[in-house]
Amino acid sequence: MRALVRTAHGVYAVDLEDEEVLGLVDDSGFPERIAVREGDTMVVATEETHPPLRISQDGGASWIDSGAGLPAARALAIAGDVVLYAGRN
C-alpha cells in the first residue's frame, strides 16, 4: 500500500508495507487533504473552495461537491461509514 504525505518540503510517496520513502511527487493540483477508505473506492478530498469537500465513490473517476457552509478543513479521515471533518472558524 502506498500513501502520499504532504510535508513542508513537498509531497512524498511512501510505501507503507516496506516503510520506504519513494520520492517527491508532482503536487500541482493536489488537494489539501485527502482520505481513502481502506479496501474501498471511496475518496474524500478537501479544497480551498466552497463547498470544501469533494467526494468520489469510484476511486476518483467522478466527484461530487459537498459541505456547503463548512469552514476550511484542518483534518480529514474516513473510518468505516464515518467521515471525520475538522474545521475552525
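Keep in mind that what you see is a predicted model, and the values were worked out from it rather than measured. Residue numbers start at 1 and run along the sequence shown.
Annotation: salt bridge (charged side-chain N to carboxylate O under 4.0 Å, His left out) contacts involving residues 49-70, sequence neighbours excluded, comprise Arg54-Asp65. Judged as a salt bridge (charged side-chain N to carboxylate O under 4.0 Å, His left out), not a single pair has a partner in residues 71-80 (not counting sequence neighbours).
Side-chain N or O atoms of Ser56 include one that pairs as donor or acceptor with a backbone N or O of Ser62 at under 3.5 Å.
Applying the salt bridge (Lys or Arg N to Asp or Glu O under 4.0 Å) rule to Asp81 yields the partners Arg37; only residues at least two apart in sequence or on another chain are considered.
Considering all non-hydrogen atoms of both residues, Met42 and Ile78 come closest at O-CD1, 4.2 Å. Taking every heavy atom of both residues into account, Pro71 and Pro52 meet most closely at O-CG, 4.1 Å. Nearest approach of Leu76 to Thr46, heavy atoms of both residues: CD2-CG2, 3.7 Å. Smallest separation of non-hydrogen atoms from Pro51 and Ser66: CB-O, 3.0 Å. In terms of heavy atoms, Tyr85 sits closest to Ala72 at OH-C, 3.5 Å.
Note on Ile55 and Val83: same hydrophobic cluster, where clusters join Ile, Leu, Val, Met, Phe, Trp and Tyr whose side-chain heavy atoms are under 4.5 Å apart, directly or indirectly.
To the nearest 0.5 Å, the span separating NE2 on His9 from CG on Leu24 amounts to 10.0 Å.
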